[in-house]
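Side chains included, hydrogens not; waters and symmetry mates left out as well; all remaining heavy atoms used.
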Amino acid sequence: FLAEYFFFFFSPRVPAWQAVRTKRWKYVHYMLSNSLDELYDLKNDPHELTNLASDAESRETLAQSKSKLQVLLDESK
């Protein structure tokens, strides 16, 4: 599923983000910076303690997640 958060006056310190979640993976893209992106393996890390976005072994999953997010965003227009 697609999830989005945009700036609200009551929480100005939380950056805007867009996310896609599948049964196994959760990818969060922070709209102001790609360097803040998050990728979690929910099967092996259900509490989302280890961000795999910069992990070389997760590169393909990250690319697939980015692509899926874009597809969902395009479909929601």
Rounded to the nearest 0.5 Å, how far does [atom2] of [Y] lie from [atom1] of [X]?
X	Y	atom1	atom2	value
L73	Q18	CG	CD	4.5 Å
H29	E38	NE2	CD	12.0 Å
N51	K26	CG	NZ	11.0 Å
Q70	S65	CD	OG	13.0 Å

Any non-hydrogen side-chain atom of [X] less than 4.5 Å from a side-chain atom of [Y]?
X	Y	result
D41	L52	yes
V20	K68	yes
K66	Y27	yes

Would the number of heavy atoms belonging to other residues, nucleotides or ligands and lying under 6.0 Å from CZ of R24 be above 12?
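Result for CZ/R24: enclosed.
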Do L39 and V71 sit in the same hydrophobic cluster, where Ile, Leu, Val, Met, Phe, Trp and Tyr count as joined when their side-chain heavy atoms come under 4.5 Å apart?
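Not linked; separate clusters.
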Without swapping roles, check the side chain of T22 against the backbone of W25 for a donor-acceptor pair under 3.5 Å.
yes
Has S67 got a side-chain atom pairing as donor or acceptor with A63's backbone, closer than 3.5 angstrom?
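Judged by distance alone, no pair lies under 3.5 Å.
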Please report the C-alpha distance between Y30 and D37 in whole Å, then the side-chain angles of each, then the deciding distance to 0.1 Å, and finally whether the side chain to side chain donor-acceptor pair (under 3.5 Å) criterion is met.
CA-CA 6 Å; Y30 290 91; D37 286 358; over 6 Å; no
Can you name the closest pair of heavy atoms from Y40 and D45 and give their distance?
CD2-OD2, 4.0 Å
